[in-house]
Each structure stands twice: as C-alpha cells, then as structure tokens.
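For reference, the structure discussed in these notes is given below.
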Amino acid sequence: MKALLIGEYREGKLLDNIYELVAFAGKLGADVSMVLVGDAANVPKVNGNLHLADVGKYGEYNPSAHRDLVVEAVQKENPDYIVFPHSSYGWDLAPRVAAKLKVAQVSEVVGLNDGNLEVGSCNAKMRRTVKPAAGKVVVTLQAGAFSYQGEQQGTPTISPLEVTGSADVEFIGYEPAEAKDVDLTKAEIIVSAGRGIGKKDNIPVIAALAKAFGGELGASRPVVDAGWVEHSHQVGTTGQTVSPKLYVACGISGAIQHLAGMKKSDFIVAINKDKDAPIGEVADVLIVADVLQFAPALTAKLQG
Amino acid sequence: MKILVCIKQVPDMESRFKVNSSGDWYSDADLAFRINEYDEYAVEQAVQLREQQGDSCELTVLSIGPDRVQEAIKKALAMGCDRGVHIQDNDVHKKDPWQIASIIAAYAKGKGYDLIFTGMQSQDRGSAQVGVTVAELLGHACATTLVGFEYADGAVKAKRELEGGVKGVVRLKIPALVTCQLGLNIPRYPTLPNIMKAKKKEIEAVPVASLLGEQPLSVTASFYPPAKKGGGIVLEGDVADLSDKLISILKEKTAVLR
C-alpha cells in the first residue's frame with residue numbers, strides 16, 4: 001500500500017497539517033511519498049520521496065499547475081491513496097486531481113471503518129461510510145481527525161518536480177485577517193451566541209450572561225455572517241481558536257468548523273433545545289433548554 | 001452574457017434524521033426541505049450580476065432531484081433567476097459527486113455559459129467536489145470558497161476565504177466557475193410580486209437518463225448516527241433549577257466561580 005501526501009505551503013511556510021496526513025498513512029500502514037510546491041529550506045521532517053516543485057516558479061495558489069504537478073507525481077509513484085488536508089487548499093485542489101485521473105474522491109474523512117472511509121454528514125449529525133471503486137482514491141482529511149504525537153524526525157529524499165502549462169487563475173495576493181478588537185485567545189471565560197438565539201435583538205441577553213461570568217462574548221459563524229456580532233468575536237476555523245477555562249455555547253448546534261475552534265476549552269457548557277445537536281459531543285454539561293429562558297435565569301443567579 | 005447557478009435542495013439541518021430502508025441515506029419522510037444554504041449565496045450573487053448586466057443577460061437556475069426540488073427552483077426564480085431547469089432524478093442520493101458533476105457538465109456543455117455559480121458544498125453531503133469537477137469537465141477556470149466577488153471586463157476578481165480570517169485574492173477570466181462561501185452577500189427574500197412573477201417563468205424538465213453517461217466512482221456503504229462519546233452530563237427541567245445545578249457543577253469542577 002502506498003500513499004502520496006500533498007503538503008500545503010502558505011505565506012512562505014510549510015503548514016503542519018502534513019503530519020496529520022502522515023498519521024493517516026500510518027493508520028493505513030502505507031508507505032509514504034510526498035508532493036510539495038515549496039522550497040528546499042522548508043520541507044516535511046518525514047522519511048520518503050519528496051517531489052518538490054519550486055514555489056517561486058508555480059506560486060502558492062495556482063490550481064491548474066498544482067493539479068498537473070500532483071498528477072505528474074502520481075504517475076511517478078503510482079500510489080493507492082492521494083491524500084490532501086480538507087483545507088481551503090485541499091478542497092480546492094483535490095477534485096481537480098481526481099477529475100484529471102478520473103478516480104473517486106472522498107472528502108473530509110474522519111476515520112477508517114472496515115476498509116471503508118468514514119465521513120460526516122448532515123452538519124455532523126450523521127455519519128456515512130464510503131466505498132471507493134477499485135484503484136486509486138483521492139481523499140481529503142478533516143483537520144484534527146488524525147493526530148500525530150511528538151517531534152517529527154525524518155528526512156525526505158528530494159527530487160525536483162516540473163510541468164509545463166499556463167495558469168488559468170491569477171493569484172493577486174493575500175489579505176490579512178481583520179484587526180481584532182477583542183482577543184478571545186486570552187479570555188478565561190467565553191460565552192458564545194449561535195443561531196439558536198433567533199435574532200440580533202437577543203444578543204444583549206447573551207452579552208449580559210458573558211458579563212455576569214466576567215467573560216467575553218463569542219459567536220458562531222452564522223451569527224457573524226448575519227451581522228449580529230462583529231467578526232472579531234467569531235470562534236472557529238475562520239475566526240479565532242480558543243481554549244478558555246470555561247466555554248458556554250448558547251444556541252450553537254456545533255458545526256465542525258466551530259468545534260475545531262473551541263473543543264480544547266477546559267470545561268464546556270452547551271445550552272441547546274436539541275438534545276442531539278453535535279455540540280453535545282464535546283460538552284461537559286448539556287443543558288436542554290430554550291437559551292432565551294435559561295440565560296436570563298442563570299444571569300440573575302450569578303448576579304445574586 | 002449567460003449565467004448558470006446550480007442549487008441543491010437539502011433538509012433543514014435542525015431536523016432529526018432517520019436512516020432510510022436501504023441504509024444508505026436519510027429517509028425523506030417528515031423532513032422539511034429548503035435550498036442548500038451555500039447555494040442561496042450563489043443565487044444571490046448570480047442575481048446581482050444579472051442585474052448589473054441588464055436584459056442582455058440570461059440567468060438559469062438548475063437543480064437535480066425528485067419533483068420536490070421544483071420548490072427550490074421556484075424560490076430561486078422568485079429571487080431573480082430568469083428560467084429554471086429541473087433534472088428529474090428520484091435516485092439522486094445514490095449518485096456520487098462525479099456523476100452529479102458529469103450530469104451538470106453534460107447539460108451545460110455547448111450552451112456557452114460565461115459564468116457558473118455553485119455553493120462551496122452541500123449541507124447534507126458536504127463533499128465540496130461538484131462545482132470544481134464541473135469546471136474541470138468543462139475546462140473553465142475555477143476558484144472556490146468565495147467571500148468576495150466583482151465582475152468587470154470579462155474577468156472575475158474573487159476573494160477566497162482561507163483559514164484564520166486570511167483571504168486570497170485571485171483573478172480569473174470567463175468562462176469561469178466559482179463556488180460560494182457563507183457570508184459572501186446577504187441573500188434577498190423574494191417579494192410577493194416577484195413570487196407571482198416567478199410562477200410564469202419556464203421550468204424546463206430534463207430526464208436525468210438523457211444526461212447521465214458515467215458510472216459511480218464511489219458508493220455509500222452505510223449511513224448512521226455517530227456513536228455518543230458520553231461523559232457529558234445532560235440536564236433537563238425547570239430553568240431556575242437548572243441554573244442552580246449548573247452553578248454547583250461549575251463550583252465543583254472548575255475554578256472560574258470561586
């Protein structure tokens with residue numbers, strides 16, 4: 001069994017998610033080779049062939065060239081699994097590679113189950129196992145689903161990788177994240193509002209609870225997208241990753257992107273009408289109640 | 001200019017899901033369906049571009065599925081799409097992303113769409129593959145996960161959402177396909193006059209068999225609720241009692257209330 005792992009390079013750095021791909025290959029018992037559009041000074045500490053394309057020549061985001069580079073490496077290595085992180089890089093690139101090779105892709109894999117690949121479904125409320133057709137398969141791995149331990153120590157065997165062809169998307173540049181007016185990463189207590197609070201007018205109810213706890217107000221993505229709360233309060237993959245002593249999730253169903261941003265909190269309380277909401281998976285205490293009734297009651301007790 | 005927007009109809013994610021009799025997807029019974037949330041942003045962006053381009057522009061909305069998906073198509077028509085395409089398929093859940101993309105590409109091929117919009121993923125299956133694969137099959141430039149969109153002079157300037165709030169700015173020439181992320185815009189609510197107008201708009205029915213030429217590359221082996229990890233305490237009851245219980249748990253197990 002062979003796995004070809006695709007590294008991700010962003011703003012001049014190799015991202016650590018390559019080691020999660022190594023952990024997945026370890027679970028498969030697969031021999032590892034790698035592809036990276038990067039530079040030789042900054043390569044994965046992993047044993048195996050590394051097909052290295054020059055980021056100066058191909059750029060960090062250049063989907064048609066990156067697709068062709070990965071396909072070129074696939075032809076050299078003949079792997080069973082072609083493995084990407086399920087990230088803005090991986091989900092953009094993987095389907096292009098799968099289509100070019102005309103092989104199955106299984107997205108956001110969270111585990112292996114009886115030889116099949118296990119993925120989330122219906123906003124993480126359900127699971128699905130997927131059986132790809134015989135032959136090669138492209139997979140993207142959910143961030144954090146395959147964890148690695150300890151310092152990596154290997155040394156790759158580097159060979160240069162090149163393709164010809166022109167880019168069909170022009171990369172203009174990065175735009176930095178908006179300045180934060182609150183730094184949630186330093187907060188000891190965070191009380192976050194989710195879509196379950198119903199409307200913007202109910203934000204003060206959650207803000208009052210945050211104040212009663214002496215904590216900061218956080219929010220899930222839909223609440224920020226709807227303009228109820230500033231982006232600087234957003235917790236999750238595209239917001240801030242937090243690990244306070246206490247995290248109180250109010251009316252948050254628990255989409256994976258939100259869980260990824262808060263599941264390392266020391267103690268998690270979730271308030272939700274839906275007993276089956278995925279937030280219950282990470283909560284130390286799940287209060288099954290209408291948050292608009294419960295939050296004011298709790299605020300009053302804390303103040304009293 | 002010709003624009004296509006592809007939408008999927010999905011259940012409300014607040015629903016309680018039951019496994020169907022063949023054990024490979026949810027049972028449709030008792031579920032309320034709506035437009036996939038990501039696709040609502042795609043429709044809104046497509047309608048805004050349609051308005052910018054004026055009456056020389058035609059915007060088509062396409063959906064694959066059983067008869068109920070016409071409700072989703074009608075909503076998109078009421079939001080401002082010009083015409084609908086219903087690809088009739090009662091077994092849509094058995095098709096893999098490769099087949100779905102090949103069906104859409106087979107429909108779109110040769111029709112000269114300058115821009116195709118899709119959501120970045122569906123809420124129920126979440127493969128995030130179909131849009132990109134359609135672009136590959138048609139040979140269109142493609143960018144995913146848009147939180148910013150501008151069109152001028154035959155090119156799209158797009159902002160892609162990356163991790164940690166960083167964005168990547170890219171430019172792609174038409175013909176192009178873009179996949180839309182949450183927060184790209186504020187999807188409009190159809191007004192009553194527009195809902196009435198939408199009733200008169202054409203919905204072309206196309207049997208899926210006329211477009212499907214590909215075998216699946218993957219199949220669903222099983223579908224089930226995740227095992228409860230347990231460990232957490234579940235509390236129900238009167239809110240005042242619940243508050244007291246929670247406070248005593250927090251005093252016992254955390255240092256935050258001491």
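The sequence lines fix the lettering, A, B, ..., with proteins before strands; numbering per chain opens at 1.
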Looking only at heavy atoms, which of residues 150-160 of chain B get nearer than 4.5 Å to chain A?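 Within residues 150-160 of chain B, the residues under 4.5 Å from chain A are B:Lys157, B:Lys159, B:Arg160.
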
Interface residues of residues 179-189 of chain B facing chain A - non-hydrogen atoms under 4.5 Å apart: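 Against chain A, the residues of residues 179-189 of chain B that fall inside the cut-off (heavy atoms, under 4.5 Å) are B:Gln181, B:Leu182, B:Gly183.
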
Side chain proximity check, [X] to [Y], heavy atoms < 4.5 angstrom:
X	Y	result
B:Leu235	A:Leu286	no
B:Met13	A:Cys122	yes
B:Arg171	A:Val169	no
B:Ile249	A:Phe267	yes
B:Ile247	A:Leu302	yes
A:Tyr174	B:Val169	no
B:Val166	A:Glu11	yes
A:Trp91	B:Thr145	yes

So which of [options] has the biggest tally of heavy-atom pairs under 4.5 Å with chain B?
options	value
A:Phe171, A:Tyr89, A:Tyr61	A:Tyr61
A:Arg221, A:Gln293, A:Lys301	A:Arg221
A:Val137, A:Asp92, A:Asp274, A:Val103	A:Asp92
A:His231, A:Glu60, A:Arg67	A:Arg67
A:Leu246, A:Ile268, A:Val288	A:Val288
A:Ser64, A:Gly173, A:Ala143, A:Gly135	A:Gly173

Report which part of [X] has an atom under 4.5 Å of a heavy atom belonging to chain B: side chain, backbone, both, or neither.
X	answer
A:Asn116	side chain
A:Asp266	neither
A:Ile287	both
A:Glu118	side chain
A:Phe294	both
A:Ala94	neither
A:Asp114	neither
A:Val224	neither

B:Ser218 side chain to A:Pro132 main-chain N or O, any donor-acceptor pair under 3.5 Å?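 It does not hold such a pair.
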
Point-to-point distance, once rounded to the nearest 0.5 Å, from [atom1] of [X] to [atom2] of [Y]:
X	Y	atom1	atom2	value
A:Thr237	B:Glu163	OG1	CD	7.5 Å
B:Glu136	A:Arg96	CD	CZ	6.0 Å
A:Lys100	B:Leu137	NZ	CG	11.5 Å
A:Lys245	B:Leu250	NZ	CG	14.0 Å
A:Ile189	B:Thr254	CD1	OG1	7.5 Å
B:Gln121	A:Ser107	CD	OG	9.0 Å

Heavy atoms only: give me the nearest [X]-[Y] pair and the separation to one decimal.
X	Y	result
B:Val239	A:Ala289	CG1-CB, 4.5 Å
A:Ala99	B:Thr133	CB-CG2, 4.1 Å
B:Ala128	A:Pro95	O-CG, 4.0 Å

Between [options], the one whose heavy-atom pairs under 4.5 Å with chain A are most numerous:
options	value
B:Leu172, B:Asp124, B:Val147	B:Asp124
B:Gly237, B:Cys142, B:Pro216	B:Cys142
B:Val130, B:Leu246, B:Asp96	B:Leu246
B:His140, B:Gln129, B:Gln215, B:Lys167	B:Gln129

Among B:Tyr224, B:Phe17, B:Phe223, find the one that has a side-chain contact (heavy atoms from CB on, under 4.5 Å) with A:Ser121.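 Considering B:Tyr224, B:Phe17, B:Phe223, a side-chain contact (heavy atoms from CB on, under 4.5 Å) with A:Ser121 is found only for B:Phe223.
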
Hey, is [X] close enough to [Y] for a salt bridge, meaning N to O under 4.0 Å?
X	Y	value
A:Asp284	B:Lys253	no
A:Lys273	B:Glu14	no
B:Lys173	A:Glu170	no

Begin from the C-alpha positions of B:Lys18 and A:Met126 and carry the test side-chain contact (heavy atoms from CB on, under 4.5 Å) through to its verdict. CA-CA 9 Å; B:Lys18 291 187 201 122; A:Met126 301 297 282; over 6 Å; no

Could you check B:Val256 against A:Glu188 for side-chain contact (heavy atoms from CB on, under 4.5 Å), going step by step and ending with a plain yes or no? CA-CA 8 Å; B:Val256 297; A:Glu188 294 206 336; 5.7 Å; no

What's the verdict on side-chain contact (heavy atoms from CB on, under 4.5 Å) for B:Val170 and A:Ile172, showing C-alpha distance, side-chain angles and the deciding distance? CA-CA 5 Å; B:Val170 300; A:Ile172 297 172; 5.8 Å; no

Testing the 3.5 Å rule here: is there a donor-acceptor pair between the side chains of A:Thr129 and B:Ser222?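 There is such a pair between these side chains.
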
Where does B:Glu37 contact chain A at under 4.5 Å (heavy atoms): side chain, backbone, both or neither?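 When you check distances to chain A, only side chain atoms of B:Glu37 fall under 4.5 Å.
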
Report which part of B:Gln123 has an atom under 4.5 Å of a heavy atom belonging to chain A: side chain, backbone, both, or neither.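 Backbone of B:Gln123 only, per the 4.5 Å heavy-atom cut-off to chain A.
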
Is it the case that more than 12 heavy atoms not belonging to [X] sit under 6.0 Å from its [atom1] atom?
X	atom1	result
A:Arg10	CZ	yes
B:Arg68	CZ	yes
B:Glu236	CD	yes

